[in-house]
Structures are given as structure tokens and as C-alpha cells.
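Down below is the structure, laid out as C-alpha cells.
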Protein chains: 2
Amino acid sequence: MARIKTEKNLSRKDVIVSKAATLFREKGYKAASMRDLAESVGVEAASLYNHIKSKSELLHELVFSVANKFVLKLDEIESEPISSLQKMEKILRFHISEMINHYEEVYVSDREWKHLSDPYLSNYQNQRRVYRKRLAALIEEGIRIKEIKAIDAPTVVLIFLHAVSGIESWHRSTKKITAEELEQNMVAILIDGLKANK
Amino acid sequence: MARIKTEKNLSRKDVIVSKAATLFREKGYKAASMRDLAESVGVEAASLYNHIKSKSELLHELVFSVANKFVLKLDEIESEPISSLQKMEKILRFHISEMINHYEEVYVSDREWKHLSDPYLSNYQNQRRVYRKRLAALIEEGIRIKEIKAIDAPTVVLIFLHAVSGIESWHRSTKKITAEELEQNMVAILIDGLKANK
DNA sequence: TCAAAAAACTAACAAAAATTAAGATTTTTT
DNA sequence: AAAAAATCTTAATTTTTGTTAGTTTTTTGA
């Protein structure tokens with residue numbers, strides 16, 4: 001009888017969630033069927049339900065675990081005694097490294113949250129709005145002390161977040177520069193683009 | 001009997017394609033059903049098939065009409081007698097204005113192309129690859145003549161294209177800056193971020 | 001005005017989807 | 001080694017999906 005093989009410290013549910021992340025990234029949440037998932041896990045579709053409640057549970061577990069991680073990191077960075085621009089750079093670097101090292105989960109969380117259902121959906125949209133506002137506030141602080149050029153803060157946030165999500169293309173590309181180089185390049189363009197002209 | 005109402009110069013098929021764009025953006029291609037589409041057009045689902053061949057036809061018509069427009073514009077800009085950085089700025093501005101003025105179509109083309117089926121899928125992926133290479137070549141030229149800072153060109157392309165797709169958030173936001181301001185802000189960050197330090 | 005073409009409707013199909021029920025088998029615990 | 005718990009399977013159910021067939025209604029143009 002086929003059995004889900006777990007590595008140390010991982011529950012069978014963890015394995016399923018992780019495979020789901022890959023599948024949701026590849027095909028999108030709606031196009032990925034429970035049968036696809038079962039196959040990739042190596043078991044019959046019905047067997048999955050011994051470990052999870054529903055397909056949608058998979059999505060919201062993925063989405064919220066990623067979202068929580070970013071919120072926690074922002075809490076941490078916000079309280080550090082460094083300048084706004086330095087905070088933005090740290091946040092940017094964190095986004096980049098998460099996107100590189102936890103590609104599947106972050107990508108799914110970014111692109112597939114639309115398919116959450118309430119109350120998760122409104123909840124997520126709320127978290128997202130608050131997160132962006134906090135970033136914008138950081139930028140506005142930088143503008144106030146003339147460290148950052150006078151510019152619309154929400155627009156900066158939007159550029160930052162979406163630029164990072166472009167790392168998707170980097171993942172797919174064959175001739176890759178290294179992760180460090182990628183990070184360095186992104187910081188060079190985006191942070192330099194923010195700096196006030198002195 | 002319900003009838004699809006057309007405005008001047010628009011075929012009934014055009015109306016369907018346009019409504020499909022909105023629907024595909026809102027729910028995603030897979031989650032949008034032909035019955036949803038029929039309702040939004042104001043007709044029974046089966047009636048749609050007097051005008052279109054299939055659901056997938058809707059997607060590839062949308063995707064390729066957008067893709068072609070961008071390729072044509074790139075042809076045009078490439079042949080102008082201006083510097084590489086100026087060309088990049090023009091392309092960036094074109095992307096921004098297309099995203100603002102043809103939001104639904106551009107967004108769908110950007111996010112839902114995964115659901116194309118062959119031969120359209122490989123075709124599209126090819127076009128996309130070529131397009132990005134042309135942009136990268138433009139940037140490399142700018143680097144060579146020291147107009148643009150030494151930086152990985154494909155990374156720049158990736159940041160540019162994805163930053164533009166972030167205009168999605170602008171569309172959704174309630175307190176909007178004007179389209180002109182948005183464009184100005186994006187150009188300020190991204191083009192400034194490229195300039196070689198003199 | 002009348003025939004042909006275009007566009008709509010109702011009804012139905014087949015395929016695929018998520019999920020459940022009931023029972024068999026394996027693993028863990030005592 | 002027996003009992004309990006966990007895990008997997010087969011089979012079935014219910015919904016939803018894209019699409020087709022056949023027919024009726026509306027529009028067009030000679």
C-alpha cells in the first residue's frame with residue numbers, strides 16, 4: 001500500500017501542503033486538482049482527506065503562513081534604530097531572499113490569494129492593506145527627513161513589491177546570475193532610485 | 001429575446017471578448033465560467049457559441065492582441081534616433097499607459113497566459129522571451145556607452161516589467177493619484193535608478 | 001414581403017471536479 | 001500478541017463545467 005513518506009520533523013500534512021505549493025504555482029489554484037496533488041504525493045485522492053479538511057484549507061494555510069512571516073519581520077525591522085532608507089533596504093532584502101528561498105510558497109501567496117474564500121479573503125486583504133500602509137509610512141518618514149526624494153509613497157510600495165515578485169522570471173531563467181548578484185542588482189536600482197539628489 | 005447590444009464598429013464577438021477580459025481579470029481564467037460570461041453579456045451560455053469557437057479562443061485572442069501591440073511599439077521605438085536610456089524611458093511610459101488605459105486586457109495577458117494551450121502557449125512563451133531579450137540588448141547598449149550603470153540587464157528587464165504590472169494595485173486603490181503623476185513617479189524611480197553615477 | 005442568414009433559446013451530454021462513506025490494511029500502543 | 005489508532009483504497013455522490021443539437025425568433029436585404 002502506498003504511503004506518504006515523511007522526513008524528520010515533518011507531518012504528512014506538511015508534505016501535502018508543500019507539494020500543493022508547487023502544484024499551485026505551476027498550474028494555479030483552480031487548475032490544480034486534488035487528483036494531481038494526490039499523484040504528486042503518491043497516494044489516492046481520497047487519502048488526502050485523512051490529513052486535510054479541504055482544498056481551500058491548503059491555500060489559506062499557505063497564504064497565511066507567508067503573510068505572517070512578513071508581518072513579523074516588519075515588526076522587527078521597524079523597531080531597529082536605523083534610518084528609513086536603511087529600513088526599506090532591509091525589507092527589500094528580506095523580500096528578495098524569501099522569494100528566492102521559499103519560492104513556491106511566496107509565489108502562491110502572492111498570486112493565488114484571490115481564490116481564498118471568506119472570512120480568509122477579507123482577512124488577507126486587510127492584512128495586506130495594513131502592511132502596505134506601514135511601508136508607505138516608512139517612506140514618508142524618509143521623505144520628511146529628506147533622505148528619500150519627494151515622491152508618492154504608495155507608488156514606491158507598489159513598485160517595490162511587484163519588482164520583487166519578478167524574481168519569478170529569474171527562477172525560470174536558465175542562465176542565472178547568482179542569488180547574491182540578483183539581490184545586489186535589485187537593491188542598486190531600487191534603493192538608488194529612491195535616494196534624494198544631494 | 002435578449003440580444004447582445006453592440007456599439008458602433010464593434011462586433012458581437014468584440015463585446016464578448018471585452019467582457020471576458022473583465023471576468024478573467026476578476027476571477028482568473030479557470031474560475032470564470034462560460035455561464036458567468038453569458039450572464040455578464042446578458043444572454044444564455046449556449047448563445048455565446050454563435051460568435052466564438054471556445055473559451056480558450058477568448059484567452060488567446062486577448063493575449064495575442066496585447067502581445068502584438070507591444071511588439072509593434074518596440075519595433076517603432078527601436079528605430080528612433082535617440083539614446084538607449086531614452087528608448088527605455090519611452091518603452092516604460094508605453095507600458096504604463098497601456099496598463100492604465102487597457103487595464104483588463106493587459107492584466108489578463110500578463111497573468112493568465114499560463115492557461116493557453118499549445119501551440120499558442122509555446123508561441124507566446126517564445127514571443128515573450130524574444131521581447132525581453134530585445135529590452136536587455138537595449139540596456140546593454142546603454143551600459144556600453146556608459147549612459148546606464150553597470151548592472152545585470154535581464155534583472156533590469158524583470159524589475160521594469162513587473163513594476164509596471166503593479167499598476168494593478170493603483171487601479172484598485174481608492175485614493176488615487178492621477179495617471180500622469182503615477183507615470184511621473186514610476187519613471188523617476190526606475191529611470192533614475194538606472195542612470196550611471198557621473 | 002418573403003426567404004435566407006444571424007442570433008437566440010431550451011435541453012441535454014459527457015467529463016472533471018471536490019468530497020464522503022465504508023471497509024481494508026498497516027502501524028502504534030498497551 | 002491483541003486492541004486501538006492511523007492510514008490508505010475503492011466506489012459512489014453531487015456539482016459544475018464546456019460544449020453540442022435542435023428549434024425558434026429576429027434581422028437583413030433583394
Side-chain angles (χ1 to χ4, degrees), chain A residues 1-21 23-24 26-63 108 112 114-118 120-121, chain B residues 1-21 23-24 26-63 108 112 114-118 120-121:
Chain A
M1 226 175 200
R3 210 135 208 277
I4 300 178
K5 35 184 169 179
T6 63
E7 313 194 348
K8 53 165 187 186
N9 279 351
L10 286 184
S11 68
R12 263 161 253 266
K13 179 170 176 176
D14 291 334
V15 174
I16 294 173
V17 171
S18 157
K19 294 277 188 186
L23 209 63
F24 292 171
E26 286 172 352
K27 318 184 90 178
Y29 174 75
K30 272 284 174 180
S33 76
M34 294 303 278
R35 284 168 181 80
D36 290 336
L37 179 55
E39 189 182 353
S40 112
V41 167
V43 93
E44 293 300 317
S47 308
L48 298 172
Y49 289 87
N50 285 307
H51 308 281
I52 61 165
K53 287 221 305 281
S54 65
K55 184 185 180 185
S56 65
E57 184 198 12
L58 290 171
L59 183 62
H60 68 245
E61 291 216 355
L62 278 166
V63 167
V108 168
E112 302 295 324
K114 268 188 198 179
H115 301 105
L116 289 170
S117 41
D118 272 324
Y120 298 103
L121 179 58
Chain B
M1 226 176 199
R3 209 132 210 279
I4 301 178
K5 35 184 169 180
T6 62
E7 313 195 347
K8 53 165 186 187
N9 279 350
L10 287 184
S11 69
R12 263 162 254 264
K13 180 171 176 176
D14 291 335
V15 173
I16 294 172
V17 171
S18 157
K19 293 279 188 185
L23 209 63
F24 292 170
E26 286 171 352
K27 316 184 94 180
Y29 175 76
K30 273 284 175 181
S33 76
M34 294 304 278
R35 285 169 179 81
D36 290 337
L37 178 56
E39 189 182 354
S40 111
V41 166
V43 94
E44 293 300 315
S47 308
L48 298 172
Y49 289 86
N50 285 311
H51 309 282
I52 62 165
K53 288 222 304 281
S54 64
K55 184 185 181 186
S56 66
E57 183 198 12
L58 290 171
L59 183 61
H60 68 244
E61 292 216 355
L62 277 167
V63 167
V108 168
E112 302 295 322
K114 269 188 196 176
H115 302 104
L116 289 171
S117 41
D118 270 325
Y120 298 103
L121 180 58

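Proteins come first, then strands; the chains are lettered A, B, ... in the order of their sequence lines, and each starts at number 1.
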Item to complete: Send over the distance from Ile16(B) CD1 to dA8(C) C1', rounded to a whole Å.
Response: 12 Å

Worksheet, complete the sentence: Contacts of Arg12(B) and Ser33(B) projected onto DNA chain D by closest heavy atom; the upstream (5') one is Ser33(B)

Worksheet item: Taking atom C1' of dG18(D) as reference, at what distance in whole Å does atom CG of Leu23(B) sit?
Response: 15 Å

Worksheet item: Nearest-Å distance, CD1 (Ile4(B)) to C1' (dT25(D))?
Response: 15 Å

Item to complete: Count the heavy atoms of every other residue, nucleotide or ligand shown that sit under 6.0 Å from NZ of Lys19(B), and state whether that count exceeds 12.
Response: no

Worksheet item: Near Glu39(A) CD, under 6.0 Å, is it more than 12 heavy atoms from other residues, nucleotides or ligands?
Response: no

Give the table of side-chain donor-acceptor pairs shorter than 3.5 Å for residues 31-38 of chain B, with sequence neighbours excluded, one pair per line with atom names and distance.
{"unit_1": "Ser33(B)", "atom_1": "OG", "unit_2": "Arg35(B)", "atom_2": "N", "d": "3.3"}
{"unit_1": "Ser33(B)", "atom_1": "OG", "unit_2": "Asp36(B)", "atom_2": "N", "d": "3.0"}
{"unit_1": "Ser33(B)", "atom_1": "OG", "unit_2": "Asp36(B)", "atom_2": "OD2", "d": "3.3"}
{"unit_1": "Asp36(B)", "atom_1": "OD2", "unit_2": "Lys27(B)", "atom_2": "NZ", "d": "3.1"}
{"unit_1": "Asp36(B)", "atom_1": "OD2", "unit_2": "Ser33(B)", "atom_2": "N", "d": "3.1"}

Discussion item. If I take atom NZ in residue Lys30(B) and atom P in nucleotide dT16(D), what distance separates them, rounded to the nearest angstrom?
Written reply: 17 Å

Practice prompt. Give, ordered by number, those residues of residues 34-47 of chain B having at least one heavy-atom distance below 4.0 Å to an atom of DNA chain C; if nothing qualifies, reply none.
Written response: Arg35(B), Val43(B), Glu44(B), Ala46(B), Ser47(B)

Discussion item. Quiz question: by atom type and distance under 3.5 Å, do the side chains of Ser47(B) and Asn50(B) form a donor-acceptor pair?
Written reply: no

Worksheet item: Got a sec? Which of residues 48-62 of chain A come in under 4.0 Å of DNA chain C, heavy atoms?
Response: Tyr49(A), Ser54(A), Lys55(A)

Worksheet item: Rounded to the nearest Å, what distance is computed from the CZ atom of residue Phe24(B) to the C1' atom of nucleotide dG18(D)?
Response: 12 Å

Worksheet entry | Heavy-atom closest pair, residues Lys13(B) and His51(B) | CD-O, 3.5 Å

Discussion item. Check this for me: Lys30(B), atom NZ, are more than 12 non-hydrogen atoms of other residues, nucleotides or ligands nearer than 6.0 Å?
Written reply: no

Worksheet entry | Heavy-atom closest contact (Ala21(A) atom, Val108(A) atom, distance) | O-CG2, 3.4 Å

Discussion item. Ring-plane angle category for Phe24(B) and Tyr29(B), please: parallel below 30°, perpendicular beyond 60°, tilted otherwise.
Written reply: perpendicular

Practice prompt. Report which part of the nucleic acid Ala31(B) touches: base, sugar-phosphate, or nothing (heavy-atom distance under 4.0 Å, all strands).
Written response: nothing

